[in-house]
Novice: 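Pasting in a structure now, in structure tokens, and then I'll have a few things to ask.
Excluded from the calculations below are hydrogen atoms, water molecules and symmetry mates; all remaining heavy atoms, backbone and side chain alike, are included. None of these values were measured; they are calculated from a predicted model. Here is the naming used below: chain letters follow the sequence lines, and residue numbers restart at 1 for every chain.
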There are 2 protein chains.
Amino acid sequence: MRTLEHPKPEDFSLDAVLSALADPIRRMIVCRLAEGYHEQACLSFGLPVGKSTSTHHFRVLREAGIIEQRYQGTAILNSLRTADLEARFPGLLPAVLASAQPATP
Amino acid sequence: MRTLEHPKPEDFSLDAVLSALADPIRRMIVCRLAEGYHEQACLSFGLPVGKSTSTHHFRVLREAGIIEQRYQGTAILNSLRTADLEARFPGLLPAVLASAQPATP
DNA sequence: CGGCTTGTACGAACACTGTCGTACTAGACG
DNA sequence: CGTCTAGTACGACAGTGTTCGTACAAGCCG
């Protein structure tokens, strides 16, 4: 079984987290996960980019500590590291999420 | 008297704000302003970069709506647009500020 | 086994960003 | 008026980030 490296909460860098969240496509991923799209394969998000680019964005999020990825067969299940983020940067993720969805009908 | 353009709160973009805050030097500026260094000239921040680079960073912050700049003679007085930011992206700036100062002895 | 799905690796192209130095402008001050 | 200070404009440069296509690997399923 392949494994993926994840940073520990004490190694999170504000720089990496803010840079990661500054990209619209990555915010799209984070918003989907926050809305309950947990445990979905990367490609099932229907992102407006190619496969390689998708891989790239998910890796950036993982290496910043924002998401957790684990293999299930050939697919990868993604979830938000809500608790770890809240412990390290309190209020940051909720604020971004709240601001990122101005059009919630 | 020279004037500087500032975006209106309804024109703030989360993208621009997060990108602006993702840079360490710009976070340094924002933290100083938050600590009460209001009304200080740009160059008096003692940033570890040249004059042109300093100008660049202050402009990025202004164009994202994070700071307000107004001329006083040849100098520029800077201040945080705390209220405007709070209205548009509630909780975002406080969260970043709190996370950006882990070493407050 | 052979094919299908899901994701990765790698290289290339391209744009953007941060940085600097130099030359310049606007205002203050003598 | 001359000089000083604070900042801007511009061009250049290196580094980085996003994107893609193609080729490849790892598991599932028939």
Novice: State which of C:dG18, C:dG7, D:dG7 makes the closest approach to the side chain of A:Leu43.
Specialist: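 Of the options given, the side chain of A:Leu43 lies nearest C:dG7.
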
Novice: Rounded to whole angstroms, how far apart are OH on A:Tyr71 and P on D:dG27?
Specialist: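 The distance from OH of A:Tyr71 to P of D:dG27 comes to 9 Å, rounded to the nearest Å.
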
Novice: If you only use heavy atoms from C-beta on, which nucleotide in D:dT19, C:dT8, D:dG7 is closest to the side chain of B:Cys42?
Specialist: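 Looking only at side-chain atoms, B:Cys42 lies closest to D:dG7.
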
Novice: Are OP1 or OP2 of D:dA9 and a side-chain N or O of B:Arg59 less than 4.0 angstrom apart?
Specialist: yes

Novice: Going from CG on A:Leu4 to CD1 on A:Ile67, what distance comes out if it is rounded to the nearest 0.5 angstrom?
Specialist: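 Output value for this atom pair is 9.5 Å.
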
Novice: Could you state the atom-to-atom distance from CD of B:Gln72 to P of D:dA6 in whole Å?
Specialist: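 Those two atoms, CD and P, are 13 Å apart.
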
Novice: For a quick test of reading the model, state the closest non-hydrogen atom pair linking A:Leu18 to B:Leu21 and the distance between them.
Specialist: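 Taking every non-hydrogen atom into account, CD1-O, 3.3 Å.
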
Novice: Taking atom P of D:dT8 as reference, at what distance in whole Å does atom CZ of B:Arg62 sit?
Specialist: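 In whole Å, D:dT8 P and B:Arg62 CZ are 7 Å from each other.
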
Novice: Over all heavy atoms of both residues, which pair between A:Pro7 and A:Glu63 is shortest? Give the atoms and the distance, please.
Specialist: CG-O, 3.6 Å

Novice: Reckon B:His56 touches a base, only the sugar-phosphate, or nothing at all at heavy-atom distances under 4.0 Å?
Specialist: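 Counting heavy atoms under 4.0 Å across all strands, the contact made by B:His56 includes a base.
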
Novice: Output the rounded distance in Å from CD (A:Gln69) to C1' (C:dT6).
Specialist: 12 Å

Novice: For the pair made of CD1 in A:Ile67 and P in C:dG7, what is the distance, rounded to whole Å?
Specialist: 11 Å

Novice: As a quick check of understanding, evaluate side-chain contact (heavy atoms from CB on, under 4.5 Å) for A:Ile25 and A:Phe45, giving each step before the final call.
Specialist: CA-CA 11 Å; A:Ile25 293 198; A:Phe45 282 70; over 6 Å; no

Novice: Which value, rounded to the nearest 0.5 Å, describes the distance between B:Leu47 atom CG and B:His57 atom NE2?
Specialist: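 The NE2 atom of B:His57 is 8.0 Å from CG of B:Leu47, to the nearest 0.5 Å.
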
Novice: The side chain of A:Thr55 lies closest to which of these nucleotides: D:dG7, C:dG18, C:dT8?
Specialist: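 In terms of side-chain proximity for A:Thr55, the closest of D:dG7, C:dG18, C:dT8 is C:dT8.
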
Novice: Between A:His57 and D:dG17, is there a side-chain N or O to OP1/OP2 distance below 4.0 Å?
Specialist: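 For D:dG17, neither OP1 nor OP2 has a side-chain N or O of A:His57 closer than 4.0 Å.
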
Novice: Over how many whole Å does the gap from B:Arg70 atom CZ to D:dA6 atom P extend?
Specialist: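 About 17 Å, once rounded to whole Å.
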
Novice: Nearest whole Å is fine: how far is D:dT5 C1' from B:Leu77 CG?
Specialist: 14 Å

Novice: Does a sphere of radius 6.0 Å around CD in B:Glu10 hold more than 12 heavy atoms from other residues, nucleotides or ligands, not counting ones at 6.0 Å or beyond?
Specialist: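 Enclosed: over 12 neighbouring heavy atoms sit under 6.0 Å from CD of B:Glu10.
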
Novice: From the set C:dG27, D:dT19, C:dT19, return the single nucleotide nearest to any side-chain atom of B:Ile25.
Specialist: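 Looking only at side-chain atoms, B:Ile25 lies closest to C:dT19.
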
Novice: Nearest-Å distance, CE (A:Met28) to P (D:dT18)?
Specialist: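 Between P of D:dT18 and CE of A:Met28: 13 Å.
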
Novice: Between C:dT5, D:dT18, C:dG18, which one does the side chain of B:Arg26 approach most closely?
Specialist: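 Closest nucleotide to the B:Arg26 side chain: C:dG18.
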
Novice: May I ask you to establish whether B:Arg2 and B:Tyr71 are in a cation-pi arrangement, using a distance under 6.0 Å from NZ or CZ to the six-membered ring centre and at most 45° from the ring axis?
Specialist: yes

Novice: Using a cut-off of under 3.5 Å, enumerate the N/O to N/O pairs linking the protein to nucleotides 21-23 of chain D.
Specialist:
from	atom 1	to	atom 2	distance (Å)
D:dG21	N7	A:Ser52	OG	3.2
D:dG21	O6	A:Ser52	OG	2.6

Novice: With the side chain of B:Ile76 defined as its heavy atoms from C-beta on, choose the nearest nucleotide among D:dT8, D:dT18, C:dT6.
Specialist: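 The answer is D:dT8.
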
Novice: Report the residue (A:Ser54 or B:Thr74) whose heavy-atom-nearest nucleotide on DNA chain C is the more 5′ of the two.
Specialist: A:Ser54

Novice: Thinking salt bridges, do A:Asp15 and B:Arg27 make one under a 4.0 Å N-O criterion?
Specialist: yes

